[in-house]
Protein chains: 4
Amino acid sequence: MSVERTVELEGHIIDSGRMQACFTAVMDLGGSFEVEAFEVGKHETDESYCRLRVTADDDVTLREILHELHQNGAVLEDPPNVTLEPAPADRVVPSGFYSTTNHPTEIRYGDEWIPVEHIEMDCALVVEPHGDADGGPRAYTKVLNAIEAGDLVATDESGIRVNPPERPRGPEGPFGFMQGGISPERPSESTIRQVADELVATAEAGGKIVVVVGPAVIHSGAGEALARLVREGYVDAISAGNGFATHDLERSIYGTSLGMDVDTLEHPRKGHKHHIWTISEIIRVGGIEKAVETGVITEGVMYECVKHDVPFVLAGSIRDDGPLPDTITDAVEAQNAIREQARDADLVLMLATLLHSVAVGNCLPSTTKTVCVDINPATVTQLLDRGSAQAVGMVTDIGTFVPTLADFVLGDRSE
Amino acid sequence: MSVERTVELEGHIIDSGRMQACFTAVMDLGGSFEVEAFEVGKHETDESYCRLRVTADDDVTLREILHELHQNGAVLEDPPNVTLEPAPADRVVPSGFYSTTNHPTEIRYGDEWIPVEHIEMDCALVVEPHGDADGGPRAYTKVLNAIEAGDLVATDESGIRVNPPERPRGPEGPFGFMQGGISPERPSESTIRQVADELVATAEAGGKIVVVVGPAVIHSGAGEALARLVREGYVDAISAGNGFATHDLERSIYGTSLGMDVDTLEHPRKGHKHHIWTISEIIRVGGIEKAVETGVITEGVMYECVKHDVPFVLAGSIRDDGPLPDTITDAVEAQNAIREQARDADLVLMLATLLHSVAVGNCLPSTTKTVCVDINPATVTQLLDRGSAQAVGMVTDIGTFVPTLADFVLGDRSE
Amino acid sequence: MSVERTVELEGHIIDSGRMQACFTAVMDLGGSFEVEAFEVGKHETDESYCRLRVTADDDVTLREILHELHQNGAVLEDPPNVTLEPAPADRVVPSGFYSTTNHPTEIRYGDEWIPVEHIEMDCALVVEPHGDADGGPRAYTKVLNAIEAGDLVATDESGIRVNPPERPRGPEGPFGFMQGGISPERPSESTIRQVADELVATAEAGGKIVVVVGPAVIHSGAGEALARLVREGYVDAISAGNGFATHDLERSIYGTSLGMDVDTLEHPRKGHKHHIWTISEIIRVGGIEKAVETGVITEGVMYECVKHDVPFVLAGSIRDDGPLPDTITDAVEAQNAIREQARDADLVLMLATLLHSVAVGNCLPSTTKTVCVDINPATVTQLLDRGSAQAVGMVTDIGTFVPTLADFVLGDRSE
Amino acid sequence: MSVERTVELEGHIIDSGRMQACFTAVMDLGGSFEVEAFEVGKHETDESYCRLRVTADDDVTLREILHELHQNGAVLEDPPNVTLEPAPADRVVPSGFYSTTNHPTEIRYGDEWIPVEHIEMDCALVVEPHGDADGGPRAYTKVLNAIEAGDLVATDESGIRVNPPERPRGPEGPFGFMQGGISPERPSESTIRQVADELVATAEAGGKIVVVVGPAVIHSGAGEALARLVREGYVDAISAGNGFATHDLERSIYGTSLGMDVDTLEHPRKGHKHHIWTISEIIRVGGIEKAVETGVITEGVMYECVKHDVPFVLAGSIRDDGPLPDTITDAVEAQNAIREQARDADLVLMLATLLHSVAVGNCLPSTTKTVCVDINPATVTQLLDRGSAQAVGMVTDIGTFVPTLADFVLGDRSE
């Protein structure tokens with residue numbers, strides 16, 4: 001009384017690990033399989049092909065197995081079209097809606113595979129039958145809170161094809177070096193040089209570089225180095241919070257961060273009040289741009305952003321003091337601003353912030369190159385776990401990382 | 001050409017360390033002092049008194065020294081009244097406004113010392129000349145974003161008296177045991193028993209217990225134990241985020257947290273989609289209370305909160321999925337809700353969340369008893385650093401802490 | 001002008017990842033391959049077979065590729081006998097000696113495959129042509145410092161076959177749950193229950209349980225729980241250091257550990273001298289066994305070990321005070337004692353010690369079941385990285401872990 | 001029926017916190033006190049004096065209180081001579097022996113105060129009545145395992161005076177900046193510059209600089225920078241283990257550390273065998289010095305040590321591979337070598353090793369300037385907790401710390 005379906009796998013399915021993943025998934029879930037056809041790429045550049053007949057005791061198990069195979073890029077031999085249902089109300093998705101991965105995805109609509117735009121994890125997948133410029137169908141992701149009544153939302157997994165990223169061939173490039181996990185026991189300067197090379201290459205290719213930063217960048221004395229990178233054109237957008245901006249501005253006004261002089265390491269008395277005074281001063285003049293224009297702020301990361309038209313998003317949080325007038329206090333609005341900023345990034349640097357890095361990471365497809373730097377290994381691990389295929393993690397001191405990076409990028413250090 | 005002022009110190013000024021702090025402050029800031037009078041408490045219960053003439057080379061230095069002495073509870077021999085200035089516009093404080101500490105504070109108004117209500121760190125201090133029930137003056141704190149044009153705001157430090165908490169006398173009570181820092185090398189069960197005793201004592205005295213929780217409480221399998229504490233009346237308010245609630249609700253619907261079965265440790269396939277399905281389900285029925293009423297949710301922390309009228313605040317964050325309809329997405333609104341909840345707490349348990357713990361901690365006076373529990377020592381250190389006088393930190397596994405605590409509190413474990 | 005060799009792979013080479021590893025190794029090292037034959041197991045229980053012709057530009061590259069394939073269990077189509085060379089002097093291995101992995105290994109000698117005894121990482125491989133009971137050949141590992149002049153030592157990799165462990169089939173058992181890394185966000189009590197089940201199963205099957213412990217076990221108040229496990233027969237050997245024993249003995253004499261009372265959490269004054277007094281007392285009576293016999297020591301882990309004939313190794317370290325007379329101060333001697341103890345273990349619990357866990361782990365074949373528990377994620381990661389195929393890691397508080405484990409094992413806690 | 005004694009305190013007893021410590025000790029231990037005399041230093045340079053009559057209910061309590069006061073530098077009004085008893089056997093101290101602190105200490109012998117030589121924590125205190133050059137008395141510390149039968153050992157605390165270090169007056173110098181704990185949120189480059197200044201000042205003053213290093217220094221790519229500091233004369237002794245030396249030597253032979261190329265970050269296949277091959281090679285030539293002489297080793301830290309006659313101690317551990325012939329495998333012997341090396345150090349740098357840093361720290365008086373650097377905050381905290389009065393802790397990446405330090409010291413970086 002068993003049930004069965006046949007799926008196909010194509011590509012570099014052995015060295016990408018996809019075939020292994022499919023075999024183990026069937027076994028782990030209590031199904032069985034027969035390999036109906038297998039053509040191995042004879043040479044390392046050839047693709048392979050595998051047709052697998054999967055058998056399970058019941059429909060539920062089979063569906064679970066197929067779900068898992070689906071995640072690894074297997075498709076039903078004879079794929080149906082995507083199933084669509086209208087959303088019953090604003091923010092309410094149909095029951096059984098398909099929730100996206102962050103991998104490149106296609107849907108089958110009108111017997112053709114259509115790419116899904118703005119791929120992002122944990123979203124609903126919406127199809128507009130006549131949404132493209134030529135009146136053809138268009139598919140894209142929508143977060144739950146953006147769903148509108150009547151949106152045609154994909155349900156179950158039929159007619160959806162996920163393309164998990166393949167391991168790059170050949171010797172490891174800069175973004176291959178995370179394989180095998182993160183360790184503090186890695187040559188620090190050599191690693192930073194590789195990140196610098198990537199930054200330069202991306203900038204030269206006209207790519208978009210988004211830098212996500214936490215307040216520790218300022219506390220650790222790395223503000224000036226980051227400001228140099230902004231000034232010299234290596235940063236296309238800054239994603240941060242109220243705390244980062246406040247301490248950067250505090251440094252311009254008082255020369256301190258969290259009340260400590262970042263050069264002499266002395267604590268001027270009342271220094272612990274500098275941040276709240278800074279906020280009140282920025283409120284008084286009407287915001288960061290005004291503060292730069294009126295000469296209240298004369299240096300730092302925010303200063304260079306204003307001067308060089310580098311857009312920034314300051315996303316609010318419940319631990320904020322103030323906040324600054326530029327801070328977006330509503331989380332949903334802030335997410336939308338981050339999404340806008342991050343979506344088409346080519347390289348994302350996540351520097352010493354878990355909260356903002358997770359928020360940005362949530363919006364990225366798995367193909368975006370990402371560099372995560374933090375002194376806490378748990379933070380780096382958590383960020384890399386989010387499934388980016390091209391992610392570099394480094395456990396280091398942000399206070400030496402950014403200056404060293406800036407020196408390498410700007411050619412101020414040869415070795 | 002030097003300038004000088006005389007200040008007075010009273011109380012247990014030696015064993016509280018305040019006299020030491022004042023002496024070193026003068027020296028560190030380049031001033032000098034003469035002890036004009038010193039009466040030491042002859043017995044350990046007697047208070048001491050010290051009158052100090054402080055000299056500095058210039059007004060700026062003298063003011064810095066006086067600021068520091070002020071922080072340690074010294075007052076000018078002949079204290080002036082507080083200086084007040086009207087706020088020029090909404091959210092804009094007068095220049096040089098006094099920014100509060102989290103210690104009990106008094107202001108001198110009409111030649112009398114008046115206590116400041118709702119003491120909280122980094123706020124402005126507002127006086128209403130006829131604000132109390134009898135038409136007398138009233139002083140309280142206001143966060144910057146709540147300032148309204150015309151509010152009478154204290155500027156500089158004249159006429160303000162801070163009372164830093166004194167070290168409790170006698171052998172260490174339960175809240176004395178943090179002295180000397182946090183260490184994972186502390187007897188875990190004995191420490192938890194002390195926290196349990198405090199919880200029971202507070203509940204029996206009719207005190208208010210606020211529990212701040214992160215999602216790890218659910219992931220680590222501690223949800224049921226916390227639900228028991230809510231059910232049995234040991235929790236008066238829950239302060240959490242969208243993630244905590246989502247995973248707690250997911251556990252009721254699917255038996256999983258972050259997709260892992262919390263009992264069998266198995267990962268049902270598609271488990272990683274449970275949280276987003278949970279959110280969509282709660283949106284569909286219209287919120288958590290509705291979900292309990294309609295039987296969608298049948299167990300867990302949120303369930304018990306609804307059933308036993310324990311209020312909860314779910315504060316939004318930019319890393320939230322969804323969010324749930326109950327989540328307050330605006331950070332300023334969420335802070336106000338937290339403030340309302342935390343202000344009059346007698347005991348605060350901060351369990352495995354840095355973000356929400358900092359937010360709650362920001363609203364607490366330094367006299368509130370606080371217990372901070374996290375597996376990451378850096379989190380515990382950061383929370384304790386915020387200056388609470390009665391804070392216990394414990395580096396432990398929340399997944400064994402909460403069940404052990406519940407067993408001790410509810411009498412299910414003798415040892 | 002290229003060179004080539006043909007290798008064979010057999011077994012569950014797809015779902016174990018070995019085939020993937022071989023394909024990527026060839027590509028990463030700049031070689032190329034042709035799949036001459038591939039027979040996929042049609043059903044999930046069938047083994048697969050692959051014959052691969054590997055081509056490289058030069059001998060050096062080819063040798064590097066073959067080395068890598070060898071590590072993944074590939075063997076040359078027509079394997080030669082092992083190459084042996086006599087050691088020129090004591091402790092001196094021949095140049096180019098083969099250094100072992102920790103996987104089950106065979107050597108080809110006299111045209112037959114012979115298993116290598118006492119497999120352990122980073123050793124030399126010695127063959128005695130007439131070493132076994134019947135005068136036949138015998139092969140075993142030797143650490144460098146045990147090599148004697150004239151020992152026949154294997155050089156290069158010819159005639160050596162490594163069998164990397166295969167992933168267990170079917171649903172995850174208790175030792176499968178580490179897949180995907182360690183996270184503090186795992187249900188703690190459920191995980192401990194699984195470890196307890198394994199402990200009970202191993203004891204019931206007559207297996208050998210070795211427990212590696214650090215001083216934190218005592219400081220955290222877990223000493224009594226561990227003593228119970230020893231008393232009840234769930235521990236066959238203890239591997240520890242001078243510090244662990246000292247603090248366990250201190251607790252019996254003074255009721256303190258590192259000077260803190262483990263029940264009341266008070267610090268008796270002079271408590272910080274208890275450990276050195278304990279050591280001097282044990283020296284005075286002539287060692288731990290004497291101290292138990294003479295009634296100086298009346299409880300604790302060491303007490304139970306002496307009373308129940310559970311052997312212990314106390315390995316010395318440069319940070320030791322004293323040391324106790326029972327401590328083996330020479331590192332090489334101590335390693336030999338650990339090797340003797342650990343070699344035939346069936347289950348190893350590593351509790352809150354990096355140093356001793358690494359030392360024990362160094363002696364274990366990759367097939368030994370291992371449980372690593374520490375509050376520091378970096379420690380757990382480092383221990384699991386050492387290549388055990390059946391390793392469970394848990395980031396938790398040892399002070400709640402051991403009591404909970406003992407309760408589960410000894411049936412004192414139902415849930 | 002109470003008992004009482006009178007003690008005296010002298011010096012900067014208020015701002016050093018000693019008076020506060022004494023007051024609280026009496027109260028915490030359940031005694032009471034009366035201040036018989038108190039003369040406060042009127043000016044900040046004047047010393048103060050306090051005579052305290054302490055009362056307790058019984059002798060035991062009084063003795064505990066006096067012990068505590070003693071630790072804070074209080075002395076009995078009428079101090080007796082030290083009590084001495086001969087050691088009954090080798091390694092066996094008399095019962096009730098006095099165990100030392102690491103603070104400067106004097107004993108009263110023949111009614112005179114004599115300084116104790118080689119002060120070190122947890123030692124016995126031995127007096128030779130005619131031990132000095134002129135036949136006068138001499139007092140020094142001995143570790144327990146060095147005690148010989150007949151040694152005159154101090155028992156109880158009578159006639160012993162401890163001088164806890166006083167807080168330096170005036171603005172914070174470089175070694176003042178640890179006050180208030182360690183935080184990763186400190187300006188990194190400015191902090192490193194201060195350490196560099198101290199290194200240069202010590203070298204210029206002819207002081208002795210001991211550098212304690214772990215293998216992470218090599219893995220993180222900092223080996224070359226440390227080698228430069230050795231070559232240029234800024235290191236007077238190296239304290240390390242077998243692992244550090246092995247990886248440094250591996251880097252010279254293979255260009256790798258733990259098998260990873262420290263420049264290109266590539267992993268040559270078989271790289272994980274480099275360390276064991278390195279060890280076998282050094283064994284073959286007969287040790288590190290021979291390896292340098294014969295040209296086997298041509299660069300690195302050990303190379304520079306041999307070339308520039310900088311002595312090194314390699315202390316063995318149970319996790320060592322090999323070990324190298326230069327490694328001292330016996331822990332007691334190794335401790336003696338470390339003691340010899342560290343005792344008269346003026347500045348100690350502890351770089352990325354807990355084990356060796358603790359071992360060195362154990363031998364240091366509390367007055368030795370110490371800099372502890374590690375990426376793990378728990379390691380830095382643990383090292384600073386050992387009671388050094390002049391300790392700087394820094395949580396940073398050793399791989400960027402050492403190169404930046406070398407640049408500052410050697411003038412290769414201006415900023």
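Order of the sequence lines sets the chain letters (A, B, ...), proteins ahead of strands, with each chain counted from 1.
- In this structure, D:R5 places its CZ atom where only 12 or fewer heavy-atom neighbours from other residues, nucleotides or ligands lie under 6.0 Å away.
- The backbone N or O of D:I283 sits nowhere less than 3.5 Å from a side-chain atom of C:R91 that would complete a donor-acceptor pair.
- Interface summary for chain D: among C:N376, C:L355, C:I279, the most heavy-atom pairs under 4.5 angstrom belong to C:L355.
- Taking C:V360, C:T327, C:L144 one by one and counting their heavy-atom pairs under 4.5 Å with chain D, the maximum is reached by C:L144.
- Considering OG of C:S280 and CZ of D:F97, their distance stands at 4.0 Å, rounded to 0.5 Å.
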Determine, stepwise, if the pair C:D330 / D:E333 fulfils side-chain contact (heavy atoms from CB on, under 4.5 Å).
CA-CA 9 Å; C:D330 186 76; D:E333 252 181 73; over 6 Å; no
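- In this structure, chain D has no heavy atom under 4.5 Å from any part of C:V143.
- With a 4.5 angstrom heavy-atom cutoff, C:T101 touches chain D only via backbone atoms.
- Looking at D:K273, its side chain never comes within 3.5 Å of a backbone N or O of C:Y98 through a donor-acceptor pair.
- Options D:A331, D:A378, D:G96 differ in how many heavy-atom pairs under 4.5 Å they form with chain C, and the most are formed by D:A331.
- Scanning all heavy atoms of the two residues, the minimum distance from D:I276 to C:D122 falls at CD1-O, 3.5 Å.
- With a 4.5 angstrom heavy-atom cutoff, C:E281 does not touch chain D via any of its atoms.
- Contact annotation for C:H275: only side-chain heavy atoms (C-beta onward) come within less than 4.5 Å of a heavy atom of chain D.
- For C:I338, the part lying under 4.5 angstrom from a heavy atom of chain D is the side chain only.
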Take D:H272 and C:Q71 through the side-chain contact (heavy atoms from CB on, under 4.5 Å) test and state the conclusion after the steps.
CA-CA 12 Å; D:H272 57 287; C:Q71 300 282 349; 3.8 Å; yes
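- With chain C as partner, the option from D:S95, D:A89, D:P88 having the largest number of non-hydrogen pairs under 4.5 angstrom is D:S95.
- Within the 4.5 angstrom heavy-atom criterion, no atom of D:T61 approaches chain C.
- Using a 4.5 Å cut-off between non-hydrogen atoms, the part of residues 315-325 of chain C that approaches chain D consists of C:A315, C:G316, C:S317, C:I318, C:R319, C:D320, C:D321, C:G322, C:P323.
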